[in-house]
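A short write-up of the structure that comes next.
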Amino acid sequence: MPTRKSTIFFVLAGLGAGALAVMVAHAHYRHQKAQAAWNESAALVKRLDLTDLCLFTDARYARHPSMADRHTPFQDSPMAMEHFPSGTLISPPPHLRPQ
Amino acid sequence: MSLHERHRNIIDFALSSLGRRWKKNLALTVVYAFVVFTLASVVFFTEAVKSEARAVLRGAPEIVVQRLMAGRHDLIPESHIDVLRKITGTRQVQGRLWGYYFEPSTGANYTVVASGEPPLEPGTIAIGQGVARTLNAGEGDLIPLKGSKGDYASFEVVRVFSHESELVSSDLIEMHADDLRAFFGVPEDYFTDITLKVRNEKELVVVADKIRRLLPDTRPILRDEILRTYDSLFDWRSGLLLVIFAGAVAAFVIFAWDKATSLSMEERREMGVLKAVGWETSEVIAMKSWEGIIISLAAFFGGTVLAYVHVFFSSAFIFEPVLKGWAVLYPRFQLVPQIDPYQVLALFFLTVVPYTVATVIPTWSAATVDPDSIMRL
C-alpha cells in the first residue's frame with residue numbers, strides 16, 4: 001500500500017518542529033559554553049573601564065553610542081545630516097531621548 | 001468516519017491540489033520563506049547582540065562623568081575629581097583616558113585606551129584582533145603610530161586580545177597612560193572623562209543628581225543607561241530596520257491581497273466540482289485552509305532554520321555589507337544564540353496566521369456560491 005500524502009506531510013511537519021527544538025537546544029548549549037568567554041570579556045570591560053560594544057567603527061557615535069552627545073547627527077556642521085550607514089541602524093540611547 | 005480520518009483525507013486532497021499547481025506554489029513558498037528568513041534573521045541577530053551586551057557590559061563603570069563644552073564632549077579637568085570625591089556615598093573616583101586614532105595607511109579607526117591594573121610597560125601595547133588584522137601585526141611586532149605632533153612613535157605589541165573578546169576589544173589599542181598623554185597631547189591635569197563607583201547602588205540616581213548640581217558643565221551616564229542603550233540599539237523604528245520591516249509587511253499585504261482577490265478560475269471550478277460531487281462548504285473551506293497551513297508551515301520552518309544558520313553559523317554574512325558601512329575595521333564575532341520561545345511563537349503568529357486567514361476568506365465567499373453557477377464561469 002503506497003504511503004499517504006498526509007503521512008508524508010505529518011512526518012515533514014514533525015521534522016520541522018524537531019528542527020526548531022534542536023535550534024532551541026543548540027542555543028541553550030552554546031549559551032552555557034559561552035559563559036567563560038563572557039566572563040573574560042566582562043573582566044576586560046572592568047579592567048579597562050569600557051562602556052560599549054565594538055559593533056561599528058566608522059563613526060564615533062556608532063562606536064560608543066552610550067557616550068554620544070546630543071549633537072552627533074550635526075557633528076560637522078549645523079546642516080550636515082546623518083551620512084554613516086551604521087547611523088541608520090541604531091537608535092539614540094534612551095538617556096538622549098526627550099523624557 | 002472519524003474527524004481525524006476526515007481531515008487526513010482532506011489533507012491528502014489538498015496536497016494533490018497543491019501538486020497540480022506546483023510551480024506557482026513552489027515560487028510562492030520560496031518568496032514567503034525569504035520574508036520569514038529576513039524577519040527571523042533580524043530578530044535572532046538583535047536578540048543575540050542584546051544578550052551579549054547584558055553579559056559583558058555588567059563590568060562597565062557605575063557612573064561616567066563627561067564634560068560638555070558647546071554641546072560636545074570635552075576633556076575634563078582633574079579638579080573635578082576632587083569635587084566628586086566630596087560627594088557622600090562615592091568611592092573610587094578616577095580619571096579615564098581614551099581617544100580615537102585614525103591610521104592613515106589602512107584607513108581604519110582604532111580606539112586607544114589607557115592601561116588598567118596591572119598597567120602595561122611604557123612603550124608596549126596590547127591590541128584587538130581587528131587591529132592585528134588590519135595592521136597584519138602580532139605579538140612581538142613593532143607598530144609605528146603617528147602622534148599628535150606629527151612624529152611617529154613605535155610600540156611593541158605584547159598581547160593580542162582573544163578572538164572570544166572581539167565584540168568588546170576588536171579595535172582596541174591599550175597603552176600606558178603616560179604614553180597615551182604624550183601620543184594624543186593630553187595635558188597632565190586633564191582626563192577624557194571620569195568614572196566613579198557608589199557605595200550603595202540604590203543611591204546612583206541621587207549621586208547623579210548631585211553631580212549635575214555641583215558640576216553643571218558635566219553629565220553623568222549611569223551603567224543602567226549604558227545597558228539600556230543596547231536594549232534599544234536595534235530598535236525597530238531605526239532607519240534601516242524600519243525599511244526591512246516595512247518591506248516584510250508590504251510582502252505580506254501583497255500575499256494577502258493576491259489571495260483575497262484572485263482565486264484562479266481553475267480553483268473556483270475545482271470548488272464547484274467538489275460541491276457538485278457532495279462536499280460540504282465547511283469541507284471545501286477546510287481543504288483550502290489546509291493548503292494555506294501547508295504552504296505557510298513550509299515557509300515558516302524553512303525560513304526560520306535558514307535564518308538561524310545564517311546568523312549563528314555564517315556570521316550573518318548577508319548583513320555584513322550593511323553592518324560594515326564605511327568602516328575598514330570590521331569586528332568578526334561569532335554571536336551566541338539567544339532564542340526565546342516567545343520570539344519563535346511571535347514569528348509564527350505574525351507569519352503563518354495572517355496567510356492562512358487570508359486564504360480562508362476568499363474561499364468562504366467562493367464556496368458559498370451555487371456550484372452550478374461556478375462551473376458555468
Side-chain angles (χ1 to χ4, degrees), chain A residues 4-10 12-13 15-17 19-20 23-24 26-28 30-31 33-38 40-60 62-67 69-71 75 82 84-91 93-95, chain B residues 8 11-12 15-16 53 55-61 64 66 68 71-73 96 100 109 111 113 116-117 161-162 164-165 167-171 174 195 221 225-226 228-230 232-235 237-241 294 297 301 304-305 308 322 325-327 329 331 336-339 341 344:
Chain A
R4 288 177 67 171
K5 285 179 179 167
S6 55
T7 308
I8 298 171
F9 165 69
F10 284 123
L12 289 177
L15 284 176
L20 289 191
M23 234 169 67
V24 173
H26 177 258
H28 183 71
R30 286 277 309 274
H31 221 266
K33 238 182 116 183
Q35 293 301 330
W38 282 349
E40 183 196 331
S41 295
L44 186 68
V45 166
K46 197 166 190 172
R47 193 173 76 79
L48 297 178
D49 269 344
L50 303 178
T51 52
D52 287 272
L53 298 184
C54 179
L55 291 169
F56 313 102
T57 61
D58 49 356
R60 64 169 189 261
R63 172 64 182 90
H64 292 101
S66 71
M67 299 288 111
D69 58 53
R70 288 179 191 276
H71 304 274
Q75 59 180 337
E82 169 67 73
F84 286 104
S86 54
T88 65
L89 282 173
I90 56 173
S91 48
H95 53 278
Chain B
R8 280 200 71 173
I11 294 170
D12 283 336
L15 284 163
S16 299
V56 302
L57 291 178
R58 61 179 190 263
V64 177
Q66 274 186 349
L68 294 176
R72 287 184 167 204
H73 181 195
R96 195 165 69 125
Y100 298 111
N109 291 308
T111 300
V113 294
E117 288 296 327
F161 295 123
S162 70
E164 284 72 29
S165 68
L167 197 56
V168 288
S169 68
S170 189
D171 71 335
E174 178 192 351
T195 65
I221 300 165
E225 289 171 333
I226 293 172
R228 278 195 286 133
T229 297
Y230 286 89
S232 64
L233 187 66
F234 296 101
D235 193 86
R237 285 169 296 181
S238 61
L240 209 64
L241 292 187
I294 290 162
L297 269 184
F301 286 136
T304 310
V305 172
Y308 190 83
V322 182
W326 292 359
L329 189 159
V336 177
Q338 169 70 27
I339 307 289
V344 180

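Source: prediction; values computed, not measured. Within every chain, numbering begins at 1; the chains are lettered A, B, ... in the order of the sequence lines, protein sequences first and strands thereafter.
- Smallest separation of non-hydrogen atoms from B/Pro331 and A/Cys54: CG-O, 3.0 Å.
- Although no hydrogens or angles enter the test, the distance criterion places a donor-acceptor pair under 3.5 Å between the side chain of B/Arg96 and the main chain of A/Asp49.
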For this session: Verify side chain to side chain contact (heavy atoms under 4.5 Å, CB included) between B/Ser169 and A/Leu44, making sure each step is shown before the conclusion.
Result: CA-CA 8 Å; B/Ser169 68; A/Leu44 186 68; 3.6 Å; yes

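- With a 4.5 angstrom heavy-atom cutoff, B/Leu297 touches chain A only via side-chain atoms.
- Options B/Ile339, B/Thr304, B/Thr111, B/Val113 differ in how many heavy-atom pairs under 4.5 Å they form with chain A, and the most are formed by B/Thr111.
- Contact of B/Val305 with chain A is made through backbone and side chain together, with heavy-atom distances under 4.5 Å.
- When each of A/Gln35, A/Lys33, A/Met23 is scored by its heavy-atom pairs under 4.5 Å with chain B, the top score falls to A/Met23.
- A 4.5 Å side-chain heavy-atom check between A/Arg63 and B/Asp171 finds at least one atom pair inside the cut-off.
- Of the two parts of B/Val344, only the side chain, counted from C-beta on, holds a non-hydrogen atom closer than 4.5 Å to a non-hydrogen atom of chain A.
- Interface remark: B/Glu225 contributes backbone and side-chain atoms alike to the contact with chain A (heavy atom separation under 4.5 Å).
- B/His73 meets the ring pair (Phe, Tyr, Trp, His ring centres under 6.0 Å) test with no other residue; sequence neighbours excluded.
- Of the two parts of B/Thr195, only the side chain, counted from C-beta on, holds a non-hydrogen atom closer than 4.5 Å to a non-hydrogen atom of chain A.
- Interface check for chain A: of the options B/Pro341, B/Pro61, B/Ala60, the most heavy-atom pairs under 4.5 Å are formed by B/Pro61.
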Exercise. Stepwise, does the side chain to side chain contact (heavy atoms under 4.5 Å, CB included) test hold for A/Met67 with B/Ile226?
Worked result: CA-CA 8 Å; A/Met67 299 288 111; B/Ile226 293 172; 4.3 Å; yes

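- For the side chain to side chain donor-acceptor pair (under 3.5 Å) test, residues two or more places apart in sequence or in another chain that qualify with B/Arg8 are A/Ser6, A/Thr7.
- If you tally non-hydrogen atom pairs under 4.5 Å between each of A/Pro65, A/Ala43, A/Ala37 and chain B, the highest count goes to A/Pro65.
- Aromatic ring pairs are classed by plane angle as parallel below 30°, tilted from 30° to 60° and perpendicular above 60°; the pair B/Tyr308 and A/His26 is perpendicular.
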For this session: Begin from the C-alpha positions of B/Tyr230 and A/Asp52 and carry the test side chain to side chain contact (heavy atoms under 4.5 Å, CB included) through to its verdict.
Result: CA-CA 9 Å; B/Tyr230 286 89; A/Asp52 287 272; 2.7 Å; yes

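- In terms of heavy-atom pairs under 4.5 angstrom with chain B, the leader among A/Val45, A/Asp58, A/Thr57, A/Leu53 is A/Leu53.
- In this structure, no portion of A/Ile8 lies under 4.5 Å from any heavy atom of chain B.
- Heavy-atom minimum distance, B/Pro337 versus A/Ala27: CB-CB, 3.6 Å.
- A distance of 5.0 Å separates CZ of A/Phe9 from CD1 of B/Ile294, quoted to the nearest 0.5 Å.
- Remark: of the listed residues B/Ile221, B/Leu57, B/Val168, B/Val64, B/Val64 is the sole one forming a side chain to side chain contact (heavy atoms under 4.5 Å, CB included) with A/Thr51.
- Proximity to chain A (any heavy atom under 4.5 Å) is shown, for B/Ser16, by both the backbone and the side chain.
- Residue contact with chain A, scored on non-hydrogen atoms closer than 4.5 Å, involves the backbone and the side chain of B/Leu329 alike.
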